[in-house]
Each structure stands twice: as C-alpha cells, then as structure tokens.
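These numbers were taken from a predicted model, which means no experiment stands behind them.
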Amino acid sequence: MDMHTVVVGTSGTTAEDVIAVARQGARVELSAAAVEALRAARTVVDALAAKPEPVYGVSTGFGALASRHISPGLRAQLQRNIVRSHAAGMGPRVEREVVRALMFLRLKTLASGHTGVRPEVAQTMADVLNAGITPVVHEYGSLGCSGDLAPLSHCALTLMGEGDAEGPDGTVRPAGELLAAHGITPVELREKEGLALLNGTDGMLGMLVMALADLKNLYTSADITAALSLEALLGTDRVLAPELHAIRPHPGQGVSAENMLRVLAGSGLTGRHSEITGDAPRVQDAYSVRCAPQVNGAGRDTLAHGRLVAGRELASAVDNPVVLPGEGRVESNGNFHGAPVAYVLDFLAIVAADLGSITERRTDRLLDKNRSHGLPPFLADDAGVDSGLMIAQYTQAALVSELKRLAVPASVDSIPSSAMQEDHVSMGWSAARKLRTAVTGLARIVAVELYAATRAVELRTAEGMTPAPASQAVIGALRAAGVQGPGPDRFLAPDLAAADAFVRDGKLVAAVEAVTGPLA
C-alpha cells in the first residue's frame with residue numbers, strides 16, 4: 001500500500017488513519033471487501049424497498065415522521081429532501097481538518113456494509129476527499145444525537161453537487177462547479193442513502209481523535225516544562241524517584257515522574273537550594289512543583305481512557321437503521337447516540353483546565369522574587385525599567401480562566417428535539433468544539449511556562465550554574481527556531497507566539513528526546 005493512501009475496509013479504521021486523511025491529505029480508497037459488503041447490503045435494501053410493508057428509513061419518513069409511508073415514486077425526492085432540510089447549520093465555518101475527518105469517518109461506516117448505500121455513493125465520497133474538496137460546514141447544528149446531523153448534511157449536499165465547498169486552492173465555490181472541475185459526477189440518492197449519509201457521531205469522533213493526538217504532545221511537553229521550572233527554582237528531584245511512585249501505582253503518574261527525571265538528569269541546580277542561595281534548608285517544594293507527576297499523570301490516565309473509547313468507536317458502524325446483510329433485514333437502533341464520546345470529550349476538557357492551572361502556578365512562582373529563590377522580579381533584565389514577563393503571566397492567567405469555563409460539561413445538558421421523539425441528546429458536538437478551543441489554549445499556557453522557565457534557567461547559567469543537558473538542548477533549539485529570549489535590547493516583546501508554535505509542532509519534545517531518548 002502506498003504510504004500516502006489509506007485503504008478503507010469493513011472493520012473500521014485507526015486514529016493514525018484519521019489524522020493522515022484529516023491533517024496530511026492522505027488519499028483514500030475502498031478495499032475490495034468493502035465494495036462487496038456495500039453491494040450485499042444494498043441488495044437487502046432493494047429487496048425491502050420492493051415490499052408493500054413500510055420499513056423505517058427505506059420507505060418511511062424520519063424522526064417524528066417515521067409513521068408516514070412513502071410511495072416508491074417519492075422516495076428519491078425524500079432522500080434529497082432530508083439532506084437539503086437538514087443542512088441547516090449556522091455560524092462560522094469549522095476547520096478543514098475537522099470536515100475531512102468527519103467525511104472520512106462517515107466513509108468508514110459506509111464501508112462496513114451496514115448502511116445500505118450503493119458502492120458508487122461511497123466512492124463519490126472518497127473521490128471528493130481525494131480531490132481536496134472540503135464542504136462548508138458550520139459551527140452550529142448538531143445536538144450529538146441521531147448523529148452530527150447538520151454537519152453531515154452539508155457534506156452530503158456536496159456529494160449531490162449542491163451547496164458550497166472549498167476547493168484545493170482554498171477558494172469557496174458552488175459544489176457543483178468543483179465536482180465538475182474534478183470530473184466527479186454528483187450522486188442521485190436512492191432509498192435510505194440520504195439518511196445513511198447523516199446519521200453518525202463522525203464529527204465529534206474526529207475531533208476526539210485529533211484532540212487525543214494533540215494532548216499527548218502537550219502532556220509530554222508539560223512534563224518537560226515542569227522539570228525546567230523545578231530546575232530553575234532549585235527544587236529537589238528526589239520526589240521523582242521511581243520507588244515513591246511505585247507505592248501509588250497510577251500508570252500516568254509513573255510515566256510523568258520518569259519523564260521529568262530524565263529531563264533533569266545531570267542537572268547542577270536541583271537540590272542545591274541552601275548551597276546556592278544561602279537560605280535555610282527547604283523542607284519541600286510547593287505543590288505545583290512537587291505534585292506535577294500526580295496531576296500530569298492523572299491527565300495521562302484520562303487520555304488513556306479516551307483512546308480506549310475512541311478505539312471502540314473507530315471500530316463501530318454507527319447508523320440508524322442498520323442493515324444486517326446476513327439476516328436480510330434492516331433494524332432501528334440507538335447506536336447513533338453520542339453519549340460515550342461526549343463524556344470523554346468533557347472529561348478531557350476538565351483535565352486540560354487543571355493542567356493549565358498547575359502550569360500557570362509554576363510560572364507565577366518563577367516571576368515572584370519572594371518565591372523564586374534568587375531570580376530577579378518577573379525575570380526582568382532591569383526590573384522597574386523592564387516589566388519582564390509580568391504581562392506574559394497575565395496572558396497565561398486569562399487563558400487558564402478561559403479553560404476553566406470550557407471545562408463546564410456539555411454532556412450534562414439535553415434539549416429535546418423532533419417533536420419529543422429525540423427527547424434526550426448528547427451535545428457531543430458542542431463538547432468537541434469547546435475541547436478544541438481548550439487544547440489550543442493549553443498549548444499557549446505551556447508555551448508561557450516554557451518561555452519563563454528557559455529564561456530562568458538561562459539566568460542561573462549566567463550565574464555560573466550548570467543546568468541539565470536536556471535543558472541546554474531545549475534552549476539551543478528554541479534559539480535555533482528563532483524564539484528569542486528577553487534581553488537588554490529586546491525585553492519588551494516576549495516571543496510567546498513563536499514559543500507556542502515550538503510546543504505545538506513537537507519541537508520541544510524532539511529537542512529533549514535528542515538528549516534523553518524517547519519520552520512517553
């Protein structure tokens with residue numbers, strides 16, 4: 001298989017494939033087994049459509065209108081109409097990577113052979129992805145139950161050659177024009193196909209998968225910045241000893257402690273508080289320093305739970321009704337409900353907020369001359385003339401406050417819809433949208449600590465102290481990447497945006513791993 005091609009089969013997909021398609025523009029193709037499964041399921045739908053008895057989703061209306069039997073002559077119109085009427089999203093456009101993940105995951109379910117669409121419908125979706133055409137999908141319109149209906153409907157409109165879409169050049173044009181330009185024939189929907197294109201948790205799942213990948217990088221980054229702060233504050237690394245974490249065997253806690261210990265290996269600063277400052281011996285470091293492995297580790301364990309749920313969902317066929325080809329029947333079900341995904345999305349927003357909170361507390365400690373053990377106020381080059389990183393901490397604090405608001409769960413809310421037929425919904429799409437904002441904010445919070453901690457380590461170095469080799473590597477990589485530290489001629493413009501990019505792009509982790517080997 002070509003490394004830039006993802007083959008979609010009948011048994012689900014992987015998080016790596018989702019990210020390859022969503023973020024890296026990987027091509028997709030249907031496996032022979034998937035095409036055969038599509039044909040087999042379609043045979044079942046065609047047989048049921050020919051019967052006089054109404055079958056939900058095949059020859060009836062939907063939701064509160066499920067009791068309405070639709071005559072054969074109106075069924076194609078019904079499928080078109082459900083897509084058009086459900087494409088009722090509003091607000092700003094969601095990100096291209098989210099739409100690509102959404103479409104790819106819907107294609108994954110189509111390929112399972114449980115939706116009843118014809119192979120050509122699935123192939124058209126693959127063709128649209130491969131052409132780099134991205135439907136215009138809006139922020140609002142999903143309650144996370146009966147699927148991400150409005151977002152998926154806007155994608156289905158594109159398959160029909162209707163609505164607006166963005167071309168590979170970034171220009172938004174009528175979808176019909178884009179399809180024609182790439183030699184793609186719009187689909188003419190038949191029984192059940194409109195419904196099958198709309199009924200899934202694909203949007204919230206795609207955002208979960210990408211958030212998990214981003215948070216993995218951020219948790220490793222936060223272990224690194226916590227270690228840098230511990231070093232700059234002349235803290236002790238004895239609290240990171242493996243035997244201490246073995247007696248409280250939460251897996252993530254042990255991993256975070258090990259990461260921090262490896263970052264600090266060879267440091268000439270840790271544990272030397274009294275010797276270097278002349279102060280009385282410090283019995284113990286503050287919680288934000290001493291308990292970093294416990295907090296970071298609990299978040300890591302939450303990520304592990306999120307990966308478990310995402311893995312199950314990636315292996316699922318989410319539709320209603322579903323086709324059971326071996327039994328020749330179509331059955332209504334509730335598998336479209338987004339609760340399993342929504343709960344995890346909300347949980348991840350909570351741990352992101354708490355990680356941001358403890359990170360900001362360490363930054364504040366570095367800037368406070370009464371608690372920083374000899375560092376200048378606000379890490380300024382000339383305190384008073386220079387405000388140093390005072391306002392950088394303000395920015396970080398504002399972001400932490402925002403993350404706390406975003407941690408309020410969406411999944412505890414439910415607004416009934418469809419004339420009380422859909423009387424309990426997950427709000428999973430909303431949970432996913434706020435988590436994306438939280439992940440972006442968390443990266444910026446970690447970046448501020450990185451900027452402050454490396455500045456503090458450099459000040460210690462200027463006093464003749466020797467930081468850990470990993471710390472030196474981070475500082476060198478920052479400077480090589482163009483992230484400039486404050487100094488006599490440049491103290492008014494902290495490079496926080498550049499530090500943020502350094503964290504988000506994985507350069508921080510890479511700089512440390514060049515010295516320590518792979519971190520977890």
Side-chain angles (χ1 to χ4, degrees), residues 212-274 281-308 344 347-348 350-363 365-366 373 442 445-446 449-450 453 457 467-471 473-474 503 506 508-520:
L212 287 167
D214 293 339
L215 286 168
K216 181 182 186 302
N217 170 55
L218 290 179
Y219 267 85
T220 304
S221 298
D223 289 341
I224 294 168
T225 58
L228 292 170
S229 290
L230 183 153
E231 185 176 37
L233 291 167
L234 309 178
T236 177
D237 59 1
R238 293 173 62 183
V239 296
L240 306 175
E243 57 269 26
L244 293 177
H245 298 279
I247 62 176
R248 194 188 190 196
H250 292 287
Q253 176 179 325
V255 167
S256 286
E258 172 63 17
N259 281 348
M260 291 180 65
L261 203 57
R262 290 172 67 184
V263 173
L264 293 169
S267 173
L269 280 69
T270 57
R272 297 183 60 198
H273 165 257
S274 298
R282 194 189 316 165
V283 177
Q284 54 192 6
D285 293 313
Y287 282 13
S288 61
V289 177
R290 188 179 6 141
C291 301
Q294 285 75 13
V295 175
N296 293 18
R300 283 179 171 276
D301 290 342
T302 305
L303 296 187
H305 175 62
R307 286 191 290 270
L308 177 66
V344 169
F347 201 172
L348 291 174
I350 290 170
V351 299
D354 200 41
L355 179 59
S357 180
I358 195 171
T359 298
E360 182 275 331
R361 287 293 80 205
R362 289 190 296 268
T363 303
R365 186 166 289 271
L366 287 166
H373 311 292
L442 179 59
I445 290 166
V446 172
E449 182 180 28
L450 172 66
V457 170
S471 300
V474 168
V503 170
L508 171 60
V509 175
V512 172
E513 290 184 334
V515 175
T516 65
L519 299 176

What closest approach, in Å, do [X] and [Y] show between heavy atoms, and which atom pair accounts for it?
| X | Y | answer |
| --- | --- | --- |
| Ala470 | Val512 | CB-CG1, 4.3 Å |
| Pro467 | Val457 | CB-CG1, 3.6 Å |
| Ala292 | Met260 | CB-SD, 4.0 Å |
| Ala232 | Ala453 | CB-O, 4.2 Å |

Can you tell me how far apart [atom1] ([X]) and [atom2] ([Y]) are? Round to the nearest 0.5 Å.
| X | Y | atom1 | atom2 | result |
| --- | --- | --- | --- | --- |
| Ser288 | Leu233 | OG | CG | 8.0 Å |
| Asn296 | Leu218 | CG | CG | 11.0 Å |
| Tyr219 | Leu442 | OH | CG | 7.0 Å |
| Arg362 | Leu228 | CZ | CG | 10.0 Å |
| Ile224 | Leu519 | CD1 | CG | 5.5 Å |
| Glu360 | Leu355 | CD | CG | 12.0 Å |

Just by modelled atom types, is the [Y] backbone N or O under 3.5 Å from a matching donor or acceptor in the [X] side chain?
| X | Y | value |
| --- | --- | --- |
| Ser357 | Ala353 | no |
| Glu231 | Ala468 | yes |
| Thr220 | Ala520 | yes |

Using the side chain to side chain contact (heavy atoms under 4.5 Å, CB included) rule, take Leu212 and Leu348 through it: C-alpha gap first, then chi angles, then the decisive distance, then the call.
CA-CA 9 Å; Leu212 287 167; Leu348 291 174; 3.8 Å; yes

[Y] side chain reached by [X] side chain, heavy atoms, under 4.5 Å:
| X | Y | result |
| --- | --- | --- |
| Val474 | Val515 | no |
| Thr225 | Leu508 | yes |
| Leu215 | Val351 | no |

Walk me through whether Leu308 and Val344 qualify under side chain to side chain contact (heavy atoms under 4.5 Å, CB included).
CA-CA 10 Å; Leu308 177 66; Val344 169; over 6 Å; no

For Val295, which residues count as a side-chain contact (heavy atoms from CB on, under 4.5 Å) partner, sequence neighbours excluded?
Asp354, Ile358

Could you please spell out the steps behind the side chain to side chain contact (heavy atoms under 4.5 Å, CB included) verdict for Leu264 and Leu240?
CA-CA 10 Å; Leu264 293 169; Leu240 306 175; 3.8 Å; yes

Check the pair Ser229, Glu449 against side chain to side chain contact (heavy atoms under 4.5 Å, CB included), reporting the backbone distance first and the verdict last.
CA-CA 8 Å; Ser229 290; Glu449 182 180 28; 2.7 Å; yes

Taking only residues at least two apart or on different chains, which pairs with a member in residues 253-265 satisfy side chain to side chain donor-acceptor pair (under 3.5 Å)?
Asp223-Ser256, Asp223-Asn259, His245-Gln253, Ser256-Arg300

Using the salt bridge (charged side-chain N to carboxylate O under 4.0 Å, His left out) rule, collect all pairs that involve residues 237-250, keeping only residues at least two apart or in two chains.
none

